[in-house]
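Working notes, structure below.
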Amino acid sequence: IRLCLSDHLEFISVAKKQLKIQDLLEVSQKVVGHGSIGGKSAGLILSRYILQHSEDEEIREAATIKDSYFVGADEFQTFLATNNMLDLYDLRYLPDQVRWDRFTFIHQRFLDGTFSANIVDALEQIIREIDGRPFIVRSSSLLEDSYQASIIGIYESIVVPNQGTREEGLLQLQNAIRELYSQVFNPQAIQYREKKKFDDYPERMGILIQIIRGHQIGNYYFPDLSGFAVSKSVSRWSPNEPIGGIDAGYTRFVVGLGSHALHRHSSDCPAFISLSESDG
């Protein structure tokens, strides 16, 4: 668990009660490169395996990791070393204005960076297995979605339509990974880590690649529903519920991709559902 998923003791204490060696072997077959798969991916794996042991058969059948691929977080540092960018870790100690002044140039350095041949070969295999379906490339840094901090909205997700040739799909995938790697040194991300007292931690970025499931509606393709849920709520959902509803929790979902639920676009029509027993 420590080598593949996370070295956080709180995560390990829960995961070792839920996962078996066979589960970890199945995950390892989907991992490109070396290192753990990062906080977001580790949380995804653990939650899905918990759901796969649900008493509800429909839930068990719906929970699968077969549509997910991972790039190990160690490959982030390999990318930096290959392209002579390890010095960028010192950026977190420079004044904020200097970071903003340099980021345009730094961002271009990432876009021009190259991957090792073995990583390119592994990514090409993923494109073959995805076989023309659209997918989303998501950040999964070591700090992300961890017990210490939940990094939300700092790193972007990149949707890849993947409607061209395999060569084009491979190029789009590499560009998406380069873009996410560059976001580690985005001044906004550095400011967030400073606020959380993580500025001395050398952040590493794992990558989560997920096939998008959904339906074709005219010229558009998107999931029926997606969103997020939280286990604690500070809102009162009904007159019978105590103010605060701390342990009630709620879910917020929208039609289409979940990023619209997270960022709350004015044009969306989100639905809020309380998870309290009083509301069913």
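Values reported hereafter were calculated over all heavy atoms of this structure, with side chains retained and with hydrogens, waters and symmetry mates removed. We number each residue from 1, following the sequence as shown.
Taking the side chain as every heavy atom from C-beta outward, Leu5 and Leu24 approach each other to under 4.5 Å. Considering only heavy atoms from C-beta on, Thr82 comes within 4.5 Å of Thr114 through its side chain. When side chains are defined from C-beta on, Phe272 does not count as touching Thr251, because their heavy atoms never get closer than 4.5 Å. Under the 4.5 Å side-chain criterion, counting only non-hydrogen atoms from C-beta, Ile212 is in contact with Pro223. For the pair Arg109/Ser182, no side-chain contact is recorded, criterion being any heavy-atom separation below 4.5 Å from C-beta on. The shortest distance between side-chain heavy atoms of Leu170 and Val120 falls below 4.5 Å. Between Phe135 and Val159, every side-chain heavy-atom pair lies at or beyond the 4.5 Å cut-off. The closest side-chain heavy-atom distance from Arg138 to Ile207 is not below 4.5 Å.
If you chain together hydrophobic residues whose side chains sit under 4.5 Å apart, Ile126 and Leu171 never meet in one group. There is no path of hydrophobic side-chain contacts, each under 4.5 Å, that joins Ile45 to Ile59. When the side chains of ILVMFWY residues are joined at heavy-atom separations under 4.5 Å, either directly or via intervening members, Leu51 and Leu46 end up in two distinct hydrophobic clusters. When hydrophobic clusters are built by joining Ile, Leu, Val, Met, Phe, Trp and Tyr residues whose side-chain heavy atoms come closer than 4.5 Å, directly or via intermediates, Leu3 is not grouped with Phe11. Tracing side-chain contacts under 4.5 Å through hydrophobic residues (I, L, V, M, F, W, Y), one reaches Leu180 starting from Leu86; they form part of the same cluster.
When all heavy atoms are compared, the tightest approach of Gly214 to Tyr221 is N-OH, 3.1 Å. When every heavy atom of Glu156 is checked against every heavy atom of Gln183, the shortest pair comes out as N-OE1, 2.7 Å. When all heavy atoms of Cys4 and Val27 are compared, the closest pair comes out as SG-CG1, 3.9 Å. Closest approach of Gln163 and Gly132 over heavy atoms only: NE2-O, 3.2 Å. The shortest heavy-atom contact between Met205 and Ser141 is SD-N, 3.8 Å. Annotation for Ser36 and Leu142: closest pair OG-CD2, 3.4 Å, computed over non-hydrogen atoms.
For the pair Glu10 and Lys16, the salt-bridge criterion is not met [side-chain N within less than 4.0 Å of a carboxylate O]. Ionic pairing of Asp23 and Lys20 is not present here: no N-O contact between side-chain nitrogen and carboxylate oxygen is shorter than 4.0 angstrom. Note on Glu124 versus Arg128: salt bridge recorded, some NZ/NE/NH1/NH2 to OD/OE distance being below 4.0 Å.
With hydrogens and angles left out, the side-chain atoms of Asn118 and Ser116 include a donor and acceptor closer than 3.5 Å. Gln172 and Asn162 share no side-chain donor-acceptor pair at under 3.5 Å. Between Asn175 and Glu179, the side chains place no donor N or O within less than 3.5 Å of an acceptor N or O (distance only, hydrogens not considered). A donor-acceptor pair shorter than 3.5 Å can be found between the side chains of Gln125 and Glu129. In this structure, a donor-acceptor pair under 3.5 Å is absent between the side chains of Tyr155 and Gln188.
The backbone N or O of Leu44 lies less than 3.5 Å from a partner atom in the side chain of Ser47, making a donor-acceptor pair. Remark: side-chain polar atoms of Gln18 are not paired, donor with acceptor, to backbone N or O of Ala15 under 3.5 angstrom. A donor-acceptor pair under 3.5 Å is absent between the side-chain atoms of Ser6 and the main chain of Arg2, judged by distance alone. Under a 3.5 Å cut-off, the side chain of Arg193 and the backbone N or O of Val184 do form a donor-acceptor pair. In this structure, the side chain of Gln108 does not engage the main chain of Ile106 through any donor-acceptor pair within 3.5 Å. A donor-acceptor pair under 3.5 Å is formed between the side chain of Ser54 and the backbone N or O of Asp56. Within the 3.5 Å criterion, the main-chain N or O of His34 finds a donor-acceptor partner in the side chain of Glu75. Under the 3.5 Å distance criterion, the side-chain polar atoms of Arg252 are left unmatched by any main-chain donor or acceptor of Ala229. Although no hydrogens or angles enter the test, the distance criterion places a donor-acceptor pair under 3.5 Å between the side chain of Ser140 and the main chain of Ile37. Side-chain atoms of Ser226 come within 3.5 Å of backbone N or O of Gly256 as a donor-acceptor pair.
Relative orientation of the Phe76 and Tyr89 rings is perpendicular, given thresholds of 30° and 60° on the angle between their planes. Between Phe115 and Tyr181, the two ring planes are tilted [angle within 30° to 60°].
The environment of CD in Gln216 is crowded: more than 12 heavy-atom neighbours from other residues, nucleotides or ligands sit within 6.0 Å. By the 6.0 Å contact criterion, CZ on Arg102 is open, its count of non-hydrogen atoms from other residues, nucleotides or ligands being 12 or less. Within 6.0 Å of CD1 in Ile21 there are 12 or fewer heavy atoms belonging to other residues, nucleotides or ligands. Around CZ of Phe105, the count of heavy atoms belonging to other residues, nucleotides or ligands within 6.0 Å does not exceed 12.
The line from CD1 of Ile130 to CG of Asp67 is 9.0 Å long, rounded to the nearest 0.5 Å. The CD1 atom of Ile154 sits 9.5 Å away from the NZ atom of Lys196 when rounded to the nearest 0.5 Å. Between Trp100 atom CH2 and Ile190 atom CD1 the span is 9.5 Å, to the nearest 0.5 Å. Between the OG atom in Ser139 and the NZ atom in Lys40 there is a gap of 3.5 Å [rounded to 0.5 Å]. To the nearest 0.5 Å, atom CG of residue Asp131 and atom CZ of residue Arg166 are 6.0 Å apart. The line from CZ of Phe222 to NE2 of His215 is 10.0 Å long, rounded to the nearest 0.5 Å.
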**Message:** Run the side-chain contact (heavy atoms from CB on, under 4.5 Å) test on Asn186 and Phe103 for me, step by step, so that the C-alpha distance in whole Å, both residues' side-chain angles and the decisive distance to 0.1 Å come before the verdict.
**Reply:** CA-CA 7 Å; Asn186 187 312; Phe103 183 64; 3.9 Å; yes

**Request:** Show your working on salt bridge (Lys or Arg N to Asp or Glu O under 4.0 Å) between Arg99 and Glu194 and close with a plain yes or no.
**Result:** CA-CA 13 Å; Arg99 298 171 192 159; Glu194 286 178 334; 2.5 Å; yes

**Request:** Run the numbers on Met85 and Phe79 for side-chain contact (heavy atoms from CB on, under 4.5 Å), then give the verdict.
**Result:** CA-CA 8 Å; Met85 292 192 290; Phe79 182 87; 3.6 Å; yes

**Request:** Decide side-chain contact (heavy atoms from CB on, under 4.5 Å) for Tyr192 and Phe198; before the verdict, give the C-alpha distance in whole Å, the side-chain angles of both, and the deciding distance to 0.1 Å.
**Result:** CA-CA 8 Å; Tyr192 181 90; Phe198 290 139; 6.0 Å; no

**Message:** Please evaluate residues Val32 and Tyr69 with respect to the criterion side-chain contact (heavy atoms from CB on, under 4.5 Å), reporting the C-alpha separation (whole Å), side-chain torsions for both, the decisive distance (0.1 Å), and the verdict.
**Reply:** CA-CA 8 Å; Val32 172; Tyr69 301 87; 5.9 Å; no

